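Have a look at the structure below before the remarks.
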Amino acid sequence: MPCIRVQTSCAMSETAKTNIKSALGEAIAVIPGKSENWLMVVLEDNATIYFKGNDSEASAYVNVGVYGSPNERAFNALTGEICKILHDELGIAANRIYVQYSTTEHWGWNGQNF
C-alpha cells in the first residue's frame with residue numbers, strides 16, 4: 001500500500017508524467033514487499049515551492065506513504081531513485097528535492113482497513 005505524492009515547481013508534460021509514474025513503479029520494489037501492483041502515484045506540477053528562501057530554481061517535494069514499519073536501508077535507496085528520476089525527467093537537481101517518508105500500521109482501502 002505505498003503512495004508516492006510528487007509536487008514540483010515546474011510543468012510536467014504528459015510524457016514526463018507517464019515516465020515518472022512508470023519509473024516510480026519500478027523503484028518502489030526496493031522496499032521489501034512493495035510493488036507497482038499496490039502503488040498509488042499522485043503527480044502535481046506548477047506548485048509554488050520556495051527552497052532556501054527563493055523559487056528561482058526547479059524544486060520538488062515528495063511524500064512516500066508506506067503501510068508497515070520503516071526500513072532505513074530501503075528508504076535511502078528509494079530516495080536515490082526518486083532524485084534520479086526527477087532529475088532525468090524534469091532536470092531538478094537532487095539538492096532541490098525533499099523526500100519525506102510516512103509509515104503507518106493503519107491503511108484503508110476498499111471500504112476497510114488492513
Side-chain angles (χ1 to χ4, degrees):
M1 274 26 72
C3 178
I4 302 176
R5 177 183 294 266
V6 178
Q7 294 173 298
T8 68
S9 62
C10 55
M12 288 187 258
S13 68
E14 290 305 313
T15 299
K17 288 179 181 180
T18 299
N19 291 345
I20 291 167
K21 183 266 312 171
S22 296
L24 291 173
E26 291 177 20
I28 197 65
V30 301
I31 300 176
K34 306 302 179 193
S35 71
E36 186 175 26
N37 290 337
W38 288 96
L39 176 63
M40 179 180 283
V41 175
V42 180
L43 302 174
E44 300 174 71
D45 59 356
N46 294 313
T48 301
I49 300 176
Y50 291 96
F51 187 68
K52 296 185 178 183
N54 69 70
D55 63 351
S56 62
E57 296 178 55
S59 300
Y61 170 75
V62 181
N63 181 272
V64 181
V66 179
Y67 174 69
S69 301
N71 182 321
E72 299 300 323
R73 176 188 270 136
F75 289 177
N76 190 54
L78 185 56
T79 296
E81 290 296 315
I82 289 169
C83 288
K84 181 179 183 332
I85 291 164
L86 295 181
H87 180 265
D88 290 352
E89 288 298 325
L90 303 173
I92 302 173
N95 67 352
R96 301 283 303 180
I97 301 169
Y98 272 173
V99 181
Q100 176 187 17
Y101 291 86
S102 304
T103 60
T104 184
E105 293 299 322
H106 308 283
W107 200 281
W109 171 73
N110 198 24
Q112 60 187 359
N113 289 346
F114 288 96

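Remember, it's a predicted structure, so these values are computed and weren't measured experimentally.
Scanning all heavy atoms of the two residues, the minimum distance from K34 to P2 falls at CD-CD, 4.1 Å. C3 and V42 get closest at one heavy-atom pair: SG-CG2, 4.3 Å. Annotation for A60 and I49: closest pair CA-CD1, 4.1 Å, computed over non-hydrogen atoms. The shortest heavy-atom contact between S9 and A58 is OG-CA, 3.3 Å.
Atom CZ in F114 sits 14.0 Å away from atom NE2 in H106 (nearest 0.5 Å). Note that the CG atom of N46 and the CD atom of Q7 stand 12.0 Å from one another [nearest 0.5 Å]. Here the CZ atom belonging to R96 is positioned 8.5 Å from the CG atom belonging to D55, to the nearest 0.5 angstrom. N113 CG to E105 CD: the interatomic distance, rounded to the nearest 0.5 Å, is 12.0 Å. For the atom pair NZ (K21) and CE (M40), the distance works out to 13.5 Å, reported to the nearest 0.5 Å. Between atom CD of residue E89 and atom OG1 of residue T18 there is a gap of 9.5 Å, rounded to the nearest 0.5 Å.
Residue pairs meeting the ring-ring contact (aromatic ring centres under 6.0 Å, His included) criterion with at least one partner in residues 17-39, sequence neighbours excluded, are W38-W109.
Here K84 pairs with D88 under the side-chain hydrogen bond (donor to acceptor under 3.5 Å, both in side chains) rule; sequence neighbours left out.
Between F51 and Y98, the distance from one ring center to the other falls under 6.0 angstrom.
Here V66 is tied into one hydrophobic group with I4, V6, M12, I20, L24, I28, V30, I31, L39, V41, L43, V62, V64, F75, L78, I82, I85, L86, L90, I92, I97, V99, Y101, each link being a pair of ILVMFWY side chains closer than 4.5 Å.
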- When you look at E44 and R5, which way does the side-chain contact (heavy atoms from CB on, under 4.5 Å) test go after all the steps? CA-CA 8 Å; E44 300 174 71; R5 177 183 294 266; 2.5 Å; yes
- Task: Please step through side-chain contact (heavy atoms from CB on, under 4.5 Å) for the pair S69 and T103, ending with a clear verdict.
- Result: CA-CA 6 Å; S69 301; T103 60; over 6 Å; no
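Between K17 and N19, every side-chain heavy-atom pair lies at or beyond the 4.5 Å cut-off. A heavy-atom distance below 4.5 Å is found between the side chains of N71 and P32.
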